[in-house]
Amino acid sequence: LSSITTHEMFHIWQRAAYQRNSDNGLDPRNPLNPPVWFDEGGADFFGEAMFSKSSSYYQVPRVRWQPTFKLKDYTTREIDRYLPYYLGHAASEYIVASKGMDNFLQVYSNVGKGQDFPTAFENALGITLDAFYLKFDRVLEKIL
């Protein structure tokens with residue numbers, strides 16, 4: 001339950017960073033909005049990272065990867081309702097490991113400042129969203 005609690009608390013932070021009065025569920029089909037893999041995967045990563053601080057246990061992302069689908073396909077839960085969490089967790093961990101936590105969190109803040117998601121992503125991380133998708137999918141294919 002500890003990782004679930006911090007997961008849900010991160011959603012509260014996301015909402016504040018996005019400066020929204022409603023939940024984080026803006027139309028995920030709109031490519032300008034954050035994809036579900038980023039919102040749920042970020043919360044899943046953060047929940048496990050915070051839980052590991054107090055328990056010395058870290059849940060490795062549970063990736064049930066389907067090679068026919070790529071990370072960019074998980075903007076909604078329609079393909080698989082759990083895979084956006086798992087792939088998003090792995091992608092979030094990859095972003096934090098390669099770009100740092102501050103830059104990862106900056107993506108959320110950039111969206112809150114009115115930037116569309118692809119612009120917010122690139123401005124915070126220094127890589128286009130499309131280039132990140134290609135890079136992450138290549139890494140995922142190698143390790144799985």
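Everything numeric in this text was worked out from a predicted model, so none of it was measured.
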Query raised in the report: With distance as the sole criterion, is a donor-acceptor pair present between the side chains of E40 and H7 under 3.5 Å?
Result: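 A pair is found: one side chain offers a donor N or O, the other an acceptor, under 3.5 Å apart.
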How many angstroms lie between [atom1] in [X] and [atom2] in [Y], if you round to the nearest 0.5 Å?
X    : Y    : atom1 : atom2 : value
D44  : I4   : CG    : CD1   : 9.5 Å
L83  : H89  : CG    : NE2   : 13.0 Å
N103 : S109 : CG    : OG    : 11.0 Å

**Report entry** Those residues that, when tested against M9, pass side chain to side chain contact (heavy atoms under 4.5 Å, CB included) (two or more places apart)
**Finding:**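 Only T5 meet the side chain to side chain contact (heavy atoms under 4.5 Å, CB included) criterion with M9.
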[X] to [Y] - nearest heavy-atom pair and separation:
X    : Y    : result
A120 : V107 : CB-O, 3.7 Å
Q14  : F38  : NE2-O, 4.2 Å
G42  : F104 : CA-CZ, 3.8 Å
L71  : L87  : CD1-CB, 3.9 Å
F10  : A43  : CD2-CA, 3.5 Å
V96  : F45  : CG2-CE2, 3.6 Å

Requested in this report: State plainly whether one hydrophobic cluster holds both L140 and Y94, where clusters connect Ile, Leu, Val, Met, Phe, Trp and Tyr through side-chain heavy atoms under 4.5 angstrom apart.
Outcome: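 Result: yes, single cluster for both.
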Report task. Going by the side-chain contact (heavy atoms from CB on, under 4.5 Å) test, name the single residue among K99, K113, M101 that passes it with Q106. Result ->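 Exactly one pass, corresponding to K113.
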Query - ring-ring contact (aromatic ring centres under 6.0 Å, His included) between W13 and F46, worked out - result: CA-CA 11 Å; W13 181 87; F46 184 82; 8.1 Å; no
Pairs of donor and acceptor atoms involving the side chains of residues 122-133, under 3.5 Å and at least two apart or interchain, shall be tabulated with distances.
residue	atom	partner	partner atom	Å
N123	ND2	Q115	OE1	3.0
N123	ND2	T119	O	3.4
T128	OG1	A131	N	3.0
Y133	OH	W37	NE1	3.0

Requested in this report: Could you walk me through whether I95 and F121 pass the side-chain contact (heavy atoms from CB on, under 4.5 Å) test, one step at a time?
Outcome: CA-CA 11 Å; I95 291 168; F121 190 92; 3.9 Å; yes
